[in-house]
Asker: 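One structure, as structure tokens, below. Some questions next.
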There are 2 protein chains.
Amino acid sequence: MRLTARSEYGLLALIDLGVRYGDGPVSAREVSERQCIPAKFLEQLLGALRKAGLVSAMRGARGGFSLTREPSRITVLEVVEALEGPLAPTSCDGGSLCGRSGACAAAGVWAKATDALRDVFETTTLADLSVRQARFDSDAAKGREKERA
Amino acid sequence: MRLTARSEYGLLALIDLGVRYGDGPVSAREVSERQCIPAKFLEQLLGALRKAGLVSAMRGARGGFSLTREPSRITVLEVVEALEGPLAPTSCDGGSLCGRSGACAAAGVWAKATDALRDVFETTTLADLSVRQARFDSDAAKGREKERA
DNA sequence: GGATACCATACCGAAGTAGTAGAGATTGAT
DNA sequence: ATCAATCTCTACTACTTCGGTATGGTATCC
């Protein structure tokens with residue numbers, strides 16, 4: 001269940017692509033600069049997201065990445081699992097520490113925790129986040145405008 | 001939010017104490033053997049749980065550990081936070097990566113995830129788990145009985 | 001053909017995990 | 001009083017993971 005910088009960065013990157021969905025490919029460098037994500041690290045994440053089928057890549061000059069689906073049809077769960085592996089909170093989780101296996105009272109809590117997390121991540125889509133981000137961006141733009149005046 | 005072996009072992013240990021709540025102190029070695037937890041590692045965990053005020057220790061021969069409260073008044077959240085630190089899923093979580101700070105669309109999901117986890121852990125008590133464990137134990141005992149017959 | 005981009009792989013330092021080791025302090029029993 | 005059982009504290013270590021960086025490709029546009 002460990003959520004690391006991979007999820008954090010990866011989600012930000014996909015939100016960035018979501019805001020620009022339909023405008024053609026967006027280069028990794030652009031995303032990297034806008035979202036302040038180390039460029040080469042981001043490449044790795046985008047590679048993983050491509051292999052998971054969430055983004056497609058166009059190579060060469062004017063290339064870049066785009067979402068393979070509408071932002072409303074990509075869940076946070078997909079992003080997280082693409083970057084961190086399957087969502088499981090502990091090594092136990094129905095496992096078999098010392099033959100405890102089924103008869104482990106603790107396992108239930110861990111399973112419930114996983115389910116709760118899964119539910120949150122599954123019911124949040126990139127669209128939800130991208131519109132929010134777009135609003136933040138435009139607010140920030142207005143702020144800068146005001147400042148110049 | 002990383003859940004490690006500390007939580008897994010620690011919770012098992014406290015469940016073990018919960019099952020025997022009221023019977024006087026239980027030695028770390030006993031718990032270690034029953035729950036298959038490396039003895040010296042368990043000592044560390046019990047030390048942390050003592051500092052968090054969840055267990056009290058009696059030193060010397062016939063010493064051991066006992067819960068400081070009724071199992072029904074100790075939540076899994078307390079156990080987890082005593083062993084892993086405060087429950088926060090990502091470094092972000094309202095943080096400030098590259099000055100994004102408040103205007104970060106992703107922060108909301110991470111916060112929701114934390115809340116969901118917190119809720120699960122807060123509404124599960126040691127009593128819930130201890131009675132379950134006791135049932136498993138007695139079932140196992142019956143199984144062994146049957147086998148001998 | 002060169003600039004721009006993605007692709008693959010390897011590497012690296014720092015931190016964290018899961019213990020282990022050993023010496024010391026405290027208590028109950030004999 | 002002594003001994004064994006028990007907790008307490010600190011340090012150490014092998015291993016893995018995390019968060020990147022580096023290098024050298026390959027594809028595409030102009």
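Just the heavy atoms: all of them, side chains too, but no hydrogens, waters or symmetry mates, feed the values below. Lettering of chains follows the sequences in order, A, B, ..., and the numbering in each one begins at 1.
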Asker: Report yes or no: is there a donor-acceptor pair, N or O only, under 3.5 Å between the side chain of Gln44(A) and the base of dT21(D)?
Answerer: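 Side chain to base: pair present.
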Asker: To the nearest 0.5 angstrom, please state how far the CG atom of Asp119(A) sits from the CG atom of Leu77(A).
Answerer: 10.0 Å
Asker: Within this structure, what is the CG-to-P distance between Leu46(B) and dT8(D), rounded to whole angstrom?
Answerer: 9 Å
Asker: Would the base of dT23(D) count as contacting Lys40(A) through its side chain, where contact means a donor and an acceptor less than 3.5 Å apart?
Answerer: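 Donor-acceptor pair under 3.5 Å: yes.
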Asker: In this structure, which one of Leu126(A), Leu54(A), Val55(A) forms a side chain to side chain contact (heavy atoms under 4.5 Å, CB included) with Leu17(A)?
Answerer: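 Result for side chain to side chain contact (heavy atoms under 4.5 Å, CB included) with Leu17(A): Val55(A).
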Asker: Is any side-chain nitrogen or oxygen of Tyr9(B) closer than 4.0 Å to OP1 or OP2 of dG19(C)?
Answerer: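 Tyr9(B) to dG19(C) OP1/OP2: side-chain N or O found under 4.0 Å.
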Asker: Less than 4.0 angstrom between a side-chain N/O of Arg59(A) and OP1 or OP2 of dC29(D), yes or no?
Answerer: no
Asker: Take the protein atom NZ of Lys51(A) and the nucleotide atom P of dA8(C), then report the distance between them rounded to whole Å.
Answerer: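 So the NZ-P distance, Lys51(A) to dA8(C), works out to 5 Å.
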Asker: Tell me which of Ala57(A) and Arg62(A) sits closer to the 5' end of DNA chain C, going by the nucleotide each one is nearest to.
Answerer: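 The answer here is Arg62(A).
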Asker: Report the distance from atom CZ of Arg29(A) to atom C1' of dA3(C), rounded to the nearest whole Å.
Answerer: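 For the pair Arg29(A) CZ and dA3(C) C1', the rounded distance is 12 Å.
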Asker: Looking at OG1 of Thr123(A) and CG of Asp128(A), how far apart are the two atoms once the value is rounded to the nearest 0.5 Å?
Answerer: 8.5 Å
Asker: How many whole angstroms separate atom CD of Glu43(B) from atom C1' of dC9(D)?
Answerer: 10 Å
Asker: Would you check if there is a donor-acceptor pair between the side chains of Glu122(A) and Thr75(A) at a distance under 3.5 Å?
Answerer: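 No - no donor-acceptor pair under 3.5 Å links their side chains.
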Asker: Between the side chains of Arg135(B) and Asp139(B), is the shortest nitrogen-to-carboxylate-oxygen separation below 4.0 Å, so that they form an ion pair?
Answerer: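 Arg135(B) and Asp139(B): not salt-bridged.
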Asker: Expressed in angstrom and rounded to an integer, what is the separation of Leu45(B) atom CG from dT8(D) atom P?
Answerer: 13 Å
Asker: Among dC6(C), dT21(D), dT20(C), which is the nearest nucleotide to the side chain of Phe41(B)?
Answerer: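 For Phe41(B), the side-chain atoms sit closest to dT20(C).
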Asker: What is the distance, rounded to the nearest whole Å, between atom CD1 of Ile37(B) and atom P of dG19(C)?
Answerer: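 Result: 10 Å.
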Asker: When you measure from the side chain of Ala61(A), which nucleotide among dC29(D), dT17(D), dC6(C) comes out closest?
Answerer: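 Taking heavy atoms from C-beta onward, the closest nucleotide is dC29(D).
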Asker: Expressed in angstrom and rounded to an integer, what is the separation of Arg50(A) atom CZ from dC6(C) atom C1'?
Answerer: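 Those two atoms, CZ and C1', are 8 Å apart.
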Asker: Could you check which of dG19(C), dC7(C), dA5(C) has an atom nearest any side-chain atom of Phe65(A)?
Answerer: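 Nearest nucleotide to the side chain: dC7(C).
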Asker: Quick one: is dA18(C) close enough that its OP1 or OP2 comes under 4.0 Å of any side-chain N or O from Thr4(B)?
Answerer: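 Thr4(B) to dA18(C) OP1/OP2: side-chain N or O found under 4.0 Å.
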Asker: In whole angstrom, what separates Arg6(B)'s CZ from dT17(C)'s P?
Answerer: 8 Å
